[in-house]
Amino acid sequence: MVRLGIIGRNFVVDWMLEAAKAVPALKPVAIYSRRRETGAAFAQKYGLPLVFDRLEDLAACGEVDAVYIASPTGCHFAQAREMLLAGKHVLCEKPAVVTAAQLRELLDIAREKHVVFLEAMRLVHDDALDVIAAALPEIGALRRVTFEFTQYSSRYDRFRAGEQGINTFDVSLSNGGIMDMGCYCLHAMVRLFGAPERVRADCFKLSNGFDGGGIVLLRYPGFVAEAIYSKVSRQVAPTTLLGEDGAI
């Protein structure tokens, strides 16, 4: 039995806890919240026996084996580091951290402590990518790939109306368009094609400097790939893979 602590209370956590019901070996037991009253309300909703309002207390708790982190991206590194140093396994929402150096440090700690550090990028385990890979030979020499993930945020109307303090559009939390949406396209491309030879990128920014969306261009041997992402527009075009003899 893996006893699980949780950091974060957004809708993704609701999804995870619903899925956890299908895993007998996983038992959610604790929630961390900066405010004890909000943590207690969440614990009551899901029947969690332990509530923490100090991160160090969660790290020190002997009744928690692993921690699921679903806080804003900018919080991931410090929170994951503290849990790993305490000898706890960590499942961290995507993107796991902000820089490659942060990731290397967390992986080094995990190896030293003999625990698991895993990014929750479900997409790379999706059977659909295997179906695409199997079909690629049918379209001949691959020449262009376009992966798009654009989604009009449910909170964007509030931002457009001038409301302040919306975490979804807070530059300091490192949850801009490339981190929140574009990462899906990039993970899928690397899963299918490996590392590119070259990467170029550009984005547009909102009035507060927030990365609202953009394009990442990747060059591979014989073809180019583009990742199109946005948090402030609605997707109408499908993902496409164009070959000399056909398309997916």
Exercise. Should the pair E226-R144 be classified as a salt bridge under the 4.0 Å nitrogen-to-oxygen rule?
Worked result: yes

Exercise. Considering only heavy atoms from C-beta outward, does the side chain of M179 approach that of P95 to under 4.5 Å?
Worked result: yes

For this session: Give a yes-or-no answer on whether the side chains of D57 and Y32 include a donor-acceptor pair shorter than 3.5 Å.
Result: no

Exercise. Rounded to the nearest 0.5 Å, what separation is found between the OG atom of S153 and the CZ atom of R160?
Worked result: 11.5 Å

Exercise. Looking only at atom types and distance, does a side-chain atom of Q102 sit under 3.5 Å from a main-chain N or O of V98, one as donor and one as acceptor?
Worked result: yes

Exercise. When you measure from the side chain of Q164 to the backbone N and O of G162, does any donor-acceptor pair fall under 3.5 Å?
Worked result: yes

Exercise. Looking at NE2 of H76 and CG of L173, how far apart are the two atoms once the value is rounded to the nearest 0.5 Å?
Worked result: 10.0 Å

Exercise. For the side chain of Y220 and the backbone of G194, is there at least one donor-acceptor N/O pair under 3.5 Å apart?
Worked result: yes

For this session: Could you go through the side chain to side chain contact (heavy atoms under 4.5 Å, CB included) check for L4 and V67 one step at a time?
Result: CA-CA 5 Å; L4 184 69; V67 176; 5.5 Å; no

For this session: Over all heavy atoms of both residues, which pair between Y229 and I215 is shortest? Give the atoms and the distance, please.
Result: CE2-N, 3.9 Å

Seminar exercise, completed: Interatomic distance, OG@S174 vs CG@D180, rounded to 0.5 Å, equals 12.0 Å

Exercise. Looking only at side chains, do Y68 and E93 share a donor and an acceptor under 3.5 Å apart?
Worked result: yes

Exercise. When rounded to the nearest 0.5 angstrom, what distance separates CZ in F149 from NE2 in H187?
Worked result: 13.0 Å

Exercise. Considering only heavy atoms from C-beta outward, does the side chain of V64 approach that of K88 to under 4.5 Å?
Worked result: yes

For this session: Ignoring hydrogens and angles, tell me if any N or O in the side chain of R9 forms a donor-acceptor pair with the backbone of I31 under 3.5 Å.
Result: no

For this session: Look at the side-chain heavy atoms of Ile, Leu, Val, Met, Phe, Trp and Tyr, link any pair under 4.5 Å apart, and say whether V236 and Y156 land in one connected group.
Result: no

Exercise. Hey, are the side chains of I132 and D130 touching, using non-hydrogen atoms and a 4.5 Å cut-off?
Worked result: no

For this session: Identify whether L55 and V115 are in the same connected component of the hydrophobic contact network (ILVMFWY, side-chain heavy atoms under 4.5 Å).
Result: yes

For this session: Supply the atom-to-atom distance E105 CD to F117 CZ, rounded to the nearest 0.5 angstrom.
Result: 11.0 Å

For this session: Please say whether more than 12 non-hydrogen atoms of neighbouring residues, nucleotides or ligands are located less than 6.0 Å from CD in E163.
Result: yes

Problem set entry | H125 to M121 - nearest heavy-atom pair and separation | CD2-O, 3.8 Å

Problem set entry | Flag if over 12 foreign heavy atoms under 6.0 Å of CD, E197 | yes

Problem set entry | Distance-only side-chain donor-acceptor flag, E148 / T239, under 3.5 Å | no

Exercise. Any link between V190 and L217 through a network of hydrophobic side chains (Ile, Leu, Val, Met, Phe, Trp, Tyr) touching at under 4.5 Å?
Worked result: no

Exercise. Any side-chain heavy atom of F223 within less than 4.5 Å of one from L242?
Worked result: no

Exercise. Counting N and O atoms only, with roles assigned by atom type, does the side chain of Q235 sit under 3.5 Å from a partner on the main chain of A237, one being a donor and the other an acceptor?
Worked result: yes

Exercise. Shortest non-hydrogen contact from D126 to A128?
Worked result: OD1-N, 2.8 Å

For this session: Verify, without hydrogens or angle tests, whether R3 (side chain) and A66 (backbone) share a donor-acceptor contact under 3.5 angstrom.
Result: no

For this session: Check for a donor-acceptor pair, side chain of K113 on one end and backbone N or O of H89 on the other, with a separation under 3.5 Å.
Result: no

Exercise. Any link between L91 and V124 through a network of hydrophobic side chains (Ile, Leu, Val, Met, Phe, Trp, Tyr) touching at under 4.5 Å?
Worked result: no

Exercise. Hey, mind stepping through L17 and F42 against side chain to side chain contact (heavy atoms under 4.5 Å, CB included) and telling me if it holds?
Worked result: CA-CA 12 Å; L17 288 171; F42 187 91; 3.7 Å; yes

For this session: Measure from the side-chain N and O atoms of R143 to the backbone N and O of G222, and report whether any donor-acceptor pair falls under 3.5 Å.
Result: yes

Exercise. Which of these, L186, L192, V216, I228, sits in a side-chain contact (heavy atoms from CB on, under 4.5 Å) with F147?
Worked result: L192

Exercise. Do you reckon V116 sits in the same ILVMFWY cluster as L84, going by side-chain contacts under 4.5 Å, direct or chained?
Worked result: no

Problem set entry | Heavy-atom check, side chain of Q151 versus side chain of R234, under 4.5 Å | no

Exercise. Is the shortest heavy-atom distance from the side chain of Y46 to the side chain of D14 under 4.5 Å?
Worked result: yes

Exercise. Do I6 and M16 have side chains that get closer than 4.5 Å, going by heavy atoms?
Worked result: yes

Exercise. Should D245 and I139 be marked as a side chain to side chain contact (heavy atoms under 4.5 Å, CB included) after you check the CA-CA gap, both sets of side-chain angles, and the distance that decides it?
Worked result: CA-CA 5 Å; D245 302 321; I139 66 172; 5.6 Å; no

Seminar exercise, completed: M83 and A59 have their tightest heavy-atom pair at CE-CB, 3.6 Å

Exercise. Do R104 and D108 sit within salt-bridge range, that is, some charged N less than 4.0 Å from a carboxylate O?
Worked result: no

Problem set entry | Nearest heavy atoms of S207 and F159, plus distance in Å | OG-CZ, 3.8 Å

Exercise. Does the side chain to side chain contact (heavy atoms under 4.5 Å, CB included) test come out yes or no for S71 and Q79, once each step is laid out?
Worked result: CA-CA 9 Å; S71 55; Q79 292 172 343; 2.6 Å; yes

Problem set entry | Sidechain-backbone polar pair: K231 side chain, T150 backbone, donor-acceptor under 3.5 Å | no

For this session: Hey, could you give me the CG/SG distance between L106 and C92, rounded to the nearest 0.5 Å?
Result: 8.0 Å

Problem set entry | Intermediate values then yes/no, salt bridge (charged side-chain N to carboxylate O under 4.0 Å, His left out), K94 and E119 | CA-CA 6 Å; K94 61 80 195 171; E119 182 182 49; over 6 Å; no

For this session: For the residue pair L58 and I7, establish whether any side-chain heavy-atom pair is separated by less than 4.5 Å.
Result: yes

For this session: Assess the side chains of T38 and S33: does a donor N or O sit below 3.5 Å from an acceptor N or O?
Result: yes

Exercise. Between the side chains of D157 and Y152, does any donor sit under 3.5 Å from an acceptor?
Worked result: yes

Exercise. Does N10 reach the main-chain N or O of A70 with its side chain, forming a donor-acceptor pair under 3.5 Å?
Worked result: yes

For this session: Kindly give the heavy-atom pair with the smallest separation between P196 and L218, and that separation in Å.
Result: CG-CD2, 3.5 Å

